[in-house]
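Okay, structure first, notes after.
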Number of protein chains: 2
Amino acid sequence: MSRKGWRSGKGIRIADVAHLAGVSTATVSRVLANPDKVRTKTHDLVMEAVQRSGYTPNSVARNLRKRRTMTALVIVPNLANPVFAQILRGIDDELTRSGYGLVIGNLDNCAEREARYVDLALSRQVDGVILMNGRVPASGKRTMTEAGLPMVAMCAAIEGEGIPNVVVQDREASRAAVAYLTRLGHRSLGYIAGPAGNIIAAERLTGFLEGVVAAGLSERDLVRWEGRFVFEAGVAAAEAFLRLKRRPTAIYASCDESAIGFIKAIRAAGVRVPEDVSVIGFDGIEFADYIEPTLTTFRQPLHELGRTGAGVLLKMIRNDMKPEDWHIRLPLSLLERDTTAPVSSRASEMKRRSKA
Amino acid sequence: MSRKGWRSGKGIRIADVAHLAGVSTATVSRVLANPDKVRTKTHDLVMEAVQRSGYTPNSVARNLRKRRTMTALVIVPNLANPVFAQILRGIDDELTRSGYGLVIGNLDNCAEREARYVDLALSRQVDGVILMNGRVPASGKRTMTEAGLPMVAMCAAIEGEGIPNVVVQDREASRAAVAYLTRLGHRSLGYIAGPAGNIIAAERLTGFLEGVVAAGLSERDLVRWEGRFVFEAGVAAAEAFLRLKRRPTAIYASCDESAIGFIKAIRAAGVRVPEDVSVIGFDGIEFADYIEPTLTTFRQPLHELGRTGAGVLLKMIRNDMKPEDWHIRLPLSLLERDTTAPVSSRASEMKRRSKA
DNA sequence: TCGTAAGATGTAATCGATTACAAAATGTCG
DNA sequence: CGACATTTTGTAATCGATTACATCTTACGA
């Protein structure tokens with residue numbers, strides 16, 4: 001490439017193209033942005049110069065001038081969690097359709113990392129933020145809110161901050177899980193919870209307790225274990241379970257990973273699923289269908305959730321919110337598979353006997 | 001906030017801070033970038049103005065002026081794959097240590113999406129690119145290379161393009177897998193391959209075939225199935241396997257997901273693992289330890305891989321490459337678990353008899 | 001052919017920071 | 001105290017696009 005008359009530097013600027021085509025930079029810009037506002041002849045002339053020079057507009061400059069970046073930030077608690085990976089696909093799809101890009105802010109379950117992304121947002125590198133971490137990062141709470149930065153909460157709701165929420169019906173599904181298990185005859189239940197401070201975990205727990213009340217069970221029919229939405233939490237719960245004198249006949253795990261860890265550990269100890277214990281999970285990750293027995297669980301509409309949430313963010317950015325956009329709750333669906341069964345005859349007998 | 005003397009607009013600019021502190025923008029900039037090049041008194045004055053105004057520098061403007069964004073792009077074939085999720089953590093860790101940010105470009109197994117990220121790179125929104133997709137995107141091949149954009153290939157090597165490679169020893173591990181199985185006495189093997197055009201898949205296949213030769217086996221001792229690095233591929237392979245008259249006694253799956261799908265499907269058909277068939281996977285995903293029986297597999301050093309790759313990219317950006325940085329191959333480690341066992345007595349007997 | 005409206009193009013300001021260079025302030029020493 | 005070296009600070013150019021406004025063309029009817 002030894003064309004002359006160009007800057008010797010590296011990048012090709014709009015000015016270079018303009019010079020090459022013998023027009024002004026304004027014209028080049030117009031050709032690229034509003035081809036119909038320019039004479040055909042000029043258009044072709046400029047396009048040829050663009051081709052020849054291999055020009056690509058510098059979007060950093062464009063973003064500065066236009067005061068927007070066409071990019072959204074998504075804060076994710078943990079990328080390794082397949083639930084979030086799926087939601088991200090939905091978000092990406094929707095944003096792409098509107099020409100927006102996506103920056104993923106992975107917290108890796110570590111709240112301190114929020115600061116980094118707050119900075120990204122405040123330094124005007126993104127036009128909006130999707131929060132899947134259940135809160136406006138503390139370090140930017142005042143600033144982000146005051147700056148009027150468009151934000152949407154997904155998965156975990158953020159109440160009372162003027163932020164729209166797009167979530168699934170965790171509570172209802174939890175209630176339904178309990179109802180499902182009691183319908184199978186189970187009257188003593190175990191619950192593997194999520195992390196203590198976690199909003200989603202709290203929702204699911206609330207639903208569980210509501211379901212318990214609705215089923216007419218008392219606290220004495222329950223056992224609860226802490227968890228952290230990971231395999232190990234299920235394993236730990238299993239250890240506690242195995243030490244129990246009077247074991248529940250059904251377990252509700254607030255996420256599939258915990259359910260899977262739990263099942264693995266109790267089966268290793270000789271407990272049969274579902275003959276001795278029924279287990280139901282939550283999330284509907286792909287893996288749940290590949291363990292043995294296949295896991296009964298509630299499936300989240302992950303892709304739809306992502307698309308919907310991104311859609312709301314776009315409306316927010318465009319200042320086009322409708323009343324119904326501020327609070328969206330998508331339903332889950334029960335996947336009945338092989339880890340749940342009617343309470344075993346032995347247990348039923350005990351129950352029947354005590355009833356008589 | 002009704003301080004006066006400021007622009008009524010939304011964002012607070014460096015000029016506002018300068019005005020508030022009674023200094024020039026240059027001084028504010030210096031206070032923030034080189035605090036020691038400024039008198040203490042001025043420093044404090046400016047900092048107070050920064051506090052009071054809640055100023056955050058606009059990094060779009062800074063990036064334009066500095067002609068760099070402190071951001072790297074990582075092109076990932078499929079975010080839902082836990083292998084990549086883990087690698088990303090490693091990359092993120094390393095980049096963060098150097099003050100760099102990270103944009104994830106998820107292809108979702110769809111090569112057309114490359115174009116979008118090529119544009120991101122060419123429009124100078126990132127300082128470098130990590131390619132995990134095994135090739136320089138066709139749409140930007142010429143341009144990206146000519147522009148001298150720092151690029152690094154990870155996972156899947158890209159040969160002969162002047163791009164450094166950071167990969168794992170796929171071929172060696174595949175060879176080792178075969179050696180391991182033959183050491184257990186298996187003489188007839190099945191192989192579940194990766195997608196046809198995929199470079200990683202090719203490497204692993206090559207290693208497998210090399211191992212077969214080294215073990216003195218012939219093509220007649222082998223069965224091979226196509227796969228696509230997903231569960232379903234394992235299930236499909238299992239169906240083919242079950243139809244076989246003379247079944248291999250050991251299967252090597254080129255990724256854990258396929259191995260897991262395979263195991264699930266053959267067990268459902270009554271074939272025992274490892275008594276009837278040994279199975280070994282590849283990758284070492286967390287899940288492999290939660291199926292039944294636990295999966296023998298090769299673990300990739302994912303986090304290290306990510307950190308190393310990001311490290312090489314940073315050197316590339318800083319023009320600080322050393323000869324040994326251009327080709328790095330990390331070793332894998334065998335996780336011996338429960339899906340592999342010495343060939344069953346029946347099979348051994350057959351073999352012994354035929355030898356005699 | 002000319003006047004005028006509509007359309008095409010050019011000029012220069014702008015986005016918000018950084019930084020080379022100039023100017024001013026401070027400090028040091030004879 | 002004054003001359004000069006050394007810090008500090010300010011002025012203005014710069015990064016590379018977009019776009020309001022001004023200017024120049026073109027087209028068309030009188």
Sugar-phosphate only, base, or nothing, as touched by S59(B) at under 4.0 Å among non-hydrogen atoms: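 Counting heavy atoms under 4.0 Å across all strands, no contact is made by S59(B).
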Sugar-phosphate only, base, or nothing, as touched by V23(A) at under 4.0 Å among non-hydrogen atoms: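 Sugar-phosphate, backbone atoms only, no base.
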Is [Y] paired with [X] through a side-chain N to carboxylate O contact shorter than 4.0 Å?
| X | Y | result |
| --- | --- | --- |
| E161(B) | R135(B) | no |
| K315(B) | D325(B) | yes |
| R113(B) | D93(A) | yes |

Within this structure, what is the [atom1]-to-[atom2] distance between [X] and [N], rounded to whole angstrom?
| X | N | atom1 | atom2 | result |
| --- | --- | --- | --- | --- |
| R39(A) | dA6(C) | CZ | P | 18 Å |
| K37(B) | dA20(C) | NZ | P | 12 Å |
| L64(A) | dC15(C) | CG | P | 9 Å |
| D16(A) | dA17(D) | CG | P | 8 Å |

Show the distances under 3.5 angstrom between N or O atoms of the protein and N or O atoms of nucleotides 18-22 of chain D.
| residue | atom | partner | partner atom | Å |
| --- | --- | --- | --- | --- |
| dT18(D) | OP1 | R62(A) | NE | 2.9 |
| dT18(D) | OP1 | R62(A) | NH2 | 3.4 |
| dT18(D) | OP2 | S29(A) | OG | 2.6 |
| dT18(D) | O2 | R65(A) | NH1 | 2.4 |

Presence of R13(B) side-chain N/O under 4.0 Å of dG16(C) phosphate oxygens OP1/OP2: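 So the side chain of R13(B) is within the cut-off, an N or O lying under 4.0 Å from OP1 or OP2 of dG16(C).
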R67(A) side chain near dG16(C) phosphate (N/O to OP1/OP2, under 4.0 Å):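 For dG16(C), OP1/OP2 do have a side-chain N/O of R67(A) under 4.0 Å.
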Just so I know, are the side chains of [X] and [Y] near enough to count as touching, which here means a heavy-atom distance under 4.5 Å?
| X | Y | value |
| --- | --- | --- |
| P164(B) | L313(B) | no |
| I163(A) | W326(A) | no |
| D119(B) | E114(B) | no |

Donor-acceptor side-chain pairing of T69(A) and D127(A) below 3.5 angstrom: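 Their side chains do contain a donor-acceptor pair, which is all the 3.5 Å distance test asks for.
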Check: R116(B)/T96(A) side-chain N/O donor and acceptor closer than 3.5 Å: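 Looking only at side-chain atoms, T96(A) and R116(B) do form a donor-acceptor pair, the distance falling under 3.5 Å.
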Bend angle of the helix from dT1(C)-dA30(D) to dG30(C)-dC1(D), end axes from five pairs each (to 10°):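 Axis angle across the helix from dT1(C)-dA30(D) to dG30(C)-dC1(D), nearest 10°: 50°.
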